[in-house]
Participant: 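The structure follows.
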Amino acid sequence: MQWTLVIPLKPLARAKSRLADTAADGVRPSLALAFAQDTVAAALACQAVKDVAVVTVDPLAGRELSALGARIVPDTPGGGLNAALRHGAAAVRASRPETPVAALNADLPALRPLELARVLDSAAEFPRAFLPDAAAIGTTLLAAGPGSELAPVFGPDSRARHAASGAVELRLTDVESVRQDVDTGADLRTALALGVGPRTAAVAARLLIPDQ
C-alpha cells in the first residue's frame, strides 16, 4: 500500500512561537521552513509514500516545498489545523477516492524514511491508526485507510482524543524519528541528537546548538 501524506503548515511568520527561548524572531520562520523541508524530503524518499500534499497559504513555503516535489493545497478554509487536514484529505481524494491518506506533522526534521515506512505499514492493518509523539501526549501521524475518513482531532491531548475517536494507537519501537516533533528548544536538541536533515542542520548551526 502506498500512501498520500497530508502535511499542514501554518504561515511561517506565526510558526514555532514556543522556540522563542532558542531562536530569535528573525530565525524562527527559517527554522520552521527547514523543519518542513526536511520532513517533506524524507517523506518523499519513503517507499510507502506515493506523494505528499502540503496544506498552506505561505507563499515562500509553497514555492520551496513544491520544488521538492510536494503538491501544494491552499488552506482556503483557514480554520486551523484540523480544518486544514480535512481540506487536504478531501482535495487528495477528490481525484483518488480510495487512496489511503495520513496526516503527518511538518516539524519532524529527524524523520527517517525507513522508520516512516514501518509506521505506515503497521497503520495499513487498521481502518484508522495514529502514532503518539515522543512526549506521549500528542500525535505526529494519523492514518486512514481506503474507505475511512481521516477525522483528525489534533490539539491538546490529541493522543487521548484520537484514541477516543476510535483510531488504533500504534505501539511501535525504534521509530523515534517519526515521533520526535519539535516545539521547544529541548525538542530541537533531542532531534539534533537523533540526526536532522541538512536544512535544519544548517539553520541550527546559526543558533550555536550542538548536534551531539
Side-chain angles (χ1 to χ4, degrees), residues 5-49 51-75 81 84 88 102-120 131 133-135 138-141 154 174-212:
L5 302 188
V6 180
I7 299 179
L9 182 63
K10 67 173 62 175
L12 298 175
R14 296 195 283 108
K16 297 302 159 191
S17 59
R18 291 171 60 190
L19 281 170
D21 62 341
T22 302
D25 290 349
V27 178
R28 286 201 303 277
S30 297
L31 204 53
L33 177 59
F35 292 167
Q37 288 173 305
D38 286 333
T39 300
V40 167
L44 287 170
C46 175
Q47 64 179 6
V49 174
D51 53 9
V52 171
V54 176
V55 185
T56 188
V57 294
D58 191 284
L60 174 60
R63 289 194 301 271
E64 294 295 330
L65 298 174
S66 177
L68 291 176
R71 170 188 176 183
I72 305 303
V73 178
D75 184 9
L81 177 57
L104 184 72
N105 289 12
D107 57 352
L108 299 170
L111 186 64
R112 300 285 187 272
L114 288 176
E115 292 184 13
L116 177 59
R118 285 191 62 219
V119 174
L120 292 171
L131 186 74
D133 64 7
T139 304
T140 56
L141 181 142
F154 285 86
D174 299 323
V175 292
E176 287 84 359
S177 76
V178 195
R179 299 183 65 198
Q180 188 56 62
D181 55 352
V182 176
D183 289 317
T184 67
D187 294 336
L188 179 54
R189 284 183 281 274
T190 300
L192 288 167
L194 286 174
V196 296
R199 299 162 187 85
T200 300
V203 178
R206 292 158 49 190
L207 304 175
L208 301 179
I209 297 175
D211 59 4
Q212 298 293 334

Participant: Side chains of Leu141 and Leu116, heavy atoms from C-beta outward: is any pair under 4.5 Å?
Facilitator: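 SC-SC contact between Leu141 and Leu116 confirmed.
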
Participant: Quick check on side chain to side chain contact (heavy atoms under 4.5 Å, CB included): which of Val73, Ile72, Asp75, Ile7 does Thr56 satisfy it with?
Facilitator: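 So, applying the side chain to side chain contact (heavy atoms under 4.5 Å, CB included) to Thr56 and each of Val73, Ile72, Asp75, Ile7, only Ile72 qualifies.
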
Participant: What's the shortest heavy-atom distance between Ala43 and Leu5, and which atoms?
Facilitator: CB-CD1, 3.6 Å

Participant: Taking only residues two or more places apart in sequence, or in another chain, which ones meet Ala103 in a side-chain contact (heavy atoms from CB on, under 4.5 Å)?
Facilitator: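 Result, side-chain contact (heavy atoms from CB on, under 4.5 Å) vs Ala103: Leu85, Leu142, Leu150, Phe154.
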
Participant: Could you grab the distance from atom OG1 of Thr22 to atom CZ of Arg28, nearest 0.5 Å is fine?
Facilitator: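 If I round to the nearest 0.5 Å, the distance is 9.5 Å.
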
Participant: How far apart are the closest heavy atoms of Ala36 and Leu9, and which atoms are they?
Facilitator: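 Ala36 and Leu9 have their closest heavy atoms at CB-CD2, 4.0 Å.
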
Participant: Using 0.5 Å steps for rounding, measure from the SG atom of Cys46 to the CD atom of Glu115.
Facilitator: 10.5 Å

Participant: With a 4.5 Å cut-off on side-chain heavy atoms, are Thr39 and Asn105 touching?
Facilitator: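 Not touching, per the 4.5 Å side-chain cut-off.
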
Participant: Determine, stepwise, if the pair Gln37 / Leu65 fulfils side chain to side chain contact (heavy atoms under 4.5 Å, CB included).
Facilitator: CA-CA 6 Å; Gln37 288 173 305; Leu65 298 174; 3.8 Å; yes

Participant: If every non-hydrogen atom of Pro29 is compared with every non-hydrogen atom of Ala13, which pair is closest and at what distance?
Facilitator: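 Of all heavy-atom pairs spanning Pro29 and Ala13, the closest is CG-CA, 4.3 Å.
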
Participant: Around atom CG of Leu60, are there more than 12 heavy atoms of other residues, nucleotides or ligands at under 6.0 Å?
Facilitator: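 Yes.
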
Participant: Tell me every residue that passes side chain to side chain donor-acceptor pair (under 3.5 Å) with Thr184, counting only those two or more places apart in sequence or in another chain.
Facilitator: Asp187

Participant: Output every pair passing salt bridge (charged side-chain N to carboxylate O under 4.0 Å, His left out) with a member in residues 174-184, not counting sequence neighbours, ordered by first then second residue.
Facilitator: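 For residues 174-184, and leaving out neighbouring residues, the salt bridge (charged side-chain N to carboxylate O under 4.0 Å, His left out) pairs sorted by first residue read Lys16-Asp183, Arg18-Asp183.
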
Participant: So which heavy atom on Ala48 is nearest to which on Leu120, and how close?
Facilitator: CB-CD1, 4.0 Å

Participant: For Phe35 and Leu188, run side chain to side chain contact (heavy atoms under 4.5 Å, CB included): C-alpha distance rounded to whole Å, both residues' side-chain angles, the deciding distance at 0.1 Å, then the answer.
Facilitator: CA-CA 10 Å; Phe35 292 167; Leu188 179 54; 4.0 Å; yes

Participant: Does the Thr140 side chain pair with the main chain of Val178, one donor and one acceptor, at a distance under 3.5 Å?
Facilitator: yes

Participant: Run the side-chain donor-acceptor check on residues 190-201: report pairs under 3.5 Å with partners two or more places apart or on a different chain.
Facilitator:
from   : atom 1 : to     : atom 2 : distance (Å)
Thr190 : OG1    : Ala186 : O      : 3.1
Arg199 : NH1    : Asp38  : OD1    : 3.3
Thr200 : OG1    : Ala34  : O      : 3.4
Thr200 : OG1    : Asp38  : OD2    : 2.7

Participant: Test of understanding: with side-chain contact (heavy atoms from CB on, under 4.5 Å), list the residues that count as partners of Pro11, not counting sequence neighbours.
Facilitator: Arg14, Val57, Asp58

Participant: Decide side chain to side chain contact (heavy atoms under 4.5 Å, CB included) for Val52 and Val54; before the verdict, give the C-alpha distance in whole Å, the side-chain angles of both, and the deciding distance to 0.1 Å.
Facilitator: CA-CA 6 Å; Val52 171; Val54 176; 4.1 Å; yes

Participant: Which atom names give the shortest non-hydrogen contact between Gly88 and Val55, and what distance separates them?
Facilitator: CA-CG2, 3.7 Å

Participant: Identify, with sequence neighbours excluded, every residue that meets side chain to side chain donor-acceptor pair (under 3.5 Å) alongside Lys10.
Facilitator: none

